[in-house]
Protein chains: 2
Amino acid sequence: MLPKDYADQNCSIARVLELIGERWTVLILRDAFFGVRRFADFAEHLGVPRAVLTDRLRTLVDNGILARRRYSEQPPRDEYVLTDLGVSLWPVLYAMSQWGEAHLSAGGPRRVFRHAACGTGLDAHGFCPRCRTAVPAPDVVMDDGPAAPARDNRVSRRLTVPRRLLTPLAD
Amino acid sequence: MLPKDYADQNCSIARVLELIGERWTVLILRDAFFGVRRFADFAEHLGVPRAVLTDRLRTLVDNGILARRRYSEQPPRDEYVLTDLGVSLWPVLYAMSQWGEAHLSAGGPRRVFRHAACGTGLDAHGFCPRCRTAVPAPDVVMDDGPAAPARDNRVSRRLTVPRRLLTPLAD
DNA sequence: CCCGGTAAGTTCATTGATTGAACCGATGGA
DNA sequence: TCCATCGGTTCAATCAATGAACTTACCGGG
């Protein structure tokens with residue numbers, strides 16, 4: 001979105017939008033929750049221009065939402081993983097997902113989310129109805145729903161389900 | 001943000017972002033929940049360029065999130081109010097607000113939200129801990145928190161608290 | 001040694017969006 | 001008559017996004 005700042009500094013929603021409100025940023029975070037970590041995988045999966053991806057990853061790292069980690073010294077290679085602060089954004093993403101599934105997806109949900117501990121589907125608020133507890137992102141398992149889309153690119157095919165959130169993509 | 005579309009059509013989050021992901025849109029919705037309805041009030045409160053406001057309001061109306069209603073025939077004057085579909089976006093806004101208050105606001109929350117029926121503060125998920133129930137936007141009362149900002153413009157001053165969400169601004 | 005491939009970027013010209021100031025038309029009030 | 005309000009539109013200048021090409025470092029094979 002935006003030149004990114006909102007003068008309307010007083011509101012916490014405006015402050016959040018300054019961190020995650022730019023175009024592509026929320027989709028980058030969604031992919032990070034699903035296990036995408038590498039620059040090339042984000043670029044291929046999202047179709048985002050590489051220059052924009054570079055900028056967004058840098059902003060997220062600067063704000064402590066992602067961490068850049070070296071996973072290979074020779075050759076030098078970095079990956080981007082959600083920090084604890086980043087993981088705590090899950091309720092925002094989940095709320096968007098649920099609204100979209102409820103109001104924009106004819107034929108049922110594309111994806112469903114379950115409590116890893118018991119396998120029960122989460123409710124609209126991210127609670128496990130069986131355990132009567134809020135389920136944080138690391139305890140969520142994602143699976144295909146009845147309206148699951150075709151996996152039409154290499155990254156999508158590596159994004160196998162059922163899959164626990166934050167589990168890195170296999171090669 | 002953006003040219004507004006995301007080719008990655010398969011994901012419900014991407015679809016939601018196509019509706020509410022452009023710059024300013026979420027802040028327009030926030031104001032609509034707080035009771036702002038008129039073009040001039042949105043423009044003054046947000047500091048958004050009028051041409052952009054026109055475009056965003058039109059997009060939201062076209063997608064059924066806001067409704068345009070005539071509130072005066074002579075002179076002809078329209079206002080913008082949330083539809084039921086728009087009101088159902090509250091959990092998305094609430095999740096953003098809670099994350100911002102928890103992680104970006106030193107000195108406690110700027111705003112607090114209570115269950116209108118019992119006066120109890122809502123938890124991080126929008127539940128009333130006393131009634132053990134999810135609280136929809138029309139049953140939420142907003143109030144100043146310990147870090148409440150100064151009211152530095154005319155619209156802010158008309159945004160009195162405590163205030164039930166969706167209650168229109170008085171003149 | 002040379003060639004091809006992968007990963008993670010950078011550069012740059014073109015296109016598109018945002019900004020802010022100015023303008024407009026209808027009405028209402030002093 | 002003059003000024004103000006409301007709800008916009010218009011337009012030039014600025015800023016951001018796009019996509020293709022290029023770069024650097026390394027690895028593996030022949």
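Labels below follow one simple rule: chain letters A, B, ... track the order of the sequence lines, proteins then strands, and each chain is numbered from 1. All values reported here derive from a predicted model rather than from experimental measurement.
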*Asks:* Which sits closer to the 5' end of DNA chain C, A51(A) or E79(A), going by the nucleotide each is nearest to?
*Replies:* E79(A)
*Asks:* Can you tell me the distance, in whole Å, between the CD atom of E22(A) and the P atom of dT18(D)?
*Replies:* 12 Å
*Asks:* Taking L82(A) as the fixed residue, which of L166(A), L89(A), L60(A) is the one that meets the side chain to side chain contact (heavy atoms under 4.5 Å, CB included) rule?
*Replies:* L166(A)
*Asks:* Please check the phosphate of dA7(C) (OP1 and OP2 only) for any side-chain N or O of S72(A) closer than 4.0 Å.
*Replies:* no
*Asks:* So how far is it from L29(A) CG to M96(A) CE, rounded to the nearest 0.5 Å?
*Replies:* 9.5 Å
*Asks:* Using whole Å, what does the distance between atom P of nucleotide dA17(D) and atom CG of L27(A) come to?
*Replies:* 14 Å
*Asks:* Of all heavy-atom pairs between V36(A) and F42(A), which one has the smallest distance, and what is that distance?
*Replies:* O-CZ, 3.4 Å
*Asks:* Just how far is it from atom CG of D143(A) to atom CZ of R163(A), taken to the nearest 0.5 Å?
*Replies:* 11.0 Å
*Asks:* Counting only N and O atoms by type, is there a donor-acceptor contact under 3.5 Å from the side chain of N63(B) to the main-chain atoms of T59(B)?
*Replies:* yes
*Asks:* Using whole Å, report how far CG of L53(B) lies from P of dA17(C).
*Replies:* 18 Å
*Asks:* Salt bridge between D152(B) and R157(B), side-chain N to carboxylate O under 4.0 Å?
*Replies:* no
*Asks:* Quick check: any donor-acceptor pair below 3.5 Å linking the side-chain of R23(A) to the base of dA16(D)?
*Replies:* no
*Asks:* In whole angstroms, how far is the P atom of dT9(D) from the CG atom of D78(B)?
*Replies:* 12 Å
*Asks:* Does one hydrophobic cluster hold both F33(B) and L85(B), with members joined at side-chain heavy-atom distances below 4.5 Å?
*Replies:* yes
*Asks:* Tell me the interatomic distance from Y80(B), atom OH, to dG7(D), atom P, rounded to whole angstroms.
*Replies:* 8 Å
*Asks:* Is it true that R151(A) and D144(A) make a salt bridge, defined as a side-chain N closer than 4.0 Å to a carboxylate O?
*Replies:* yes
*Asks:* Specify the closest pair of heavy atoms between S156(B) and N153(B), including all atoms of both residues, with the distance to one decimal.
*Replies:* N-OD1, 3.0 Å
*Asks:* Considering only heavy atoms, which members of residues 32-41 of chain A lie under 4.0 Å from some atom of DNA chain C?
*Replies:* R38(A), F39(A), A40(A)
*Asks:* Taking the minimum atom-to-atom distance to the side chain of R68(B), which one of dG7(D), dG20(C), dC12(C) wins?
*Replies:* dG7(D)
*Asks:* Closest to the Y71(B) side chain: dT18(C), dA8(C), dG7(D)?
*Replies:* dG7(D)
*Asks:* Using a distance-only criterion (donor-acceptor N/O pair, under 3.5 Å, no hydrogens), is the base of dG19(D) paired with the side chain of R50(A)?
*Replies:* no
*Asks:* Between R58(A) (CZ) and dA16(D) (C1'), how many Å, whole number?
*Replies:* 15 Å
*Asks:* Just how far, in rounded Å, is C1' of dG8(D) from CD of E44(B)?
*Replies:* 16 Å
*Asks:* Using nucleotides 23-30 of chain D, report all nitrogen or oxygen pairs with the protein that are shorter than 3.5 Å.
*Replies:*
| residue | atom | partner | partner atom | Å |
| --- | --- | --- | --- | --- |
| dC26(D) | OP1 | Q74(A) | OE1 | 3.4 |

*Asks:* Using 30° and 60° as the class boundaries, would you call the ring planes of F34(A) and F113(A) parallel, tilted or perpendicular?
*Replies:* tilted
*Asks:* In whole angstrom, give the distance that lies between atom CH2 of W24(A) and atom P of dA17(D).
*Replies:* 11 Å
*Asks:* Toward the 5' end of DNA chain C, which comes first, R154(A) or T54(A), by nearest nucleotide?
*Replies:* R154(A)
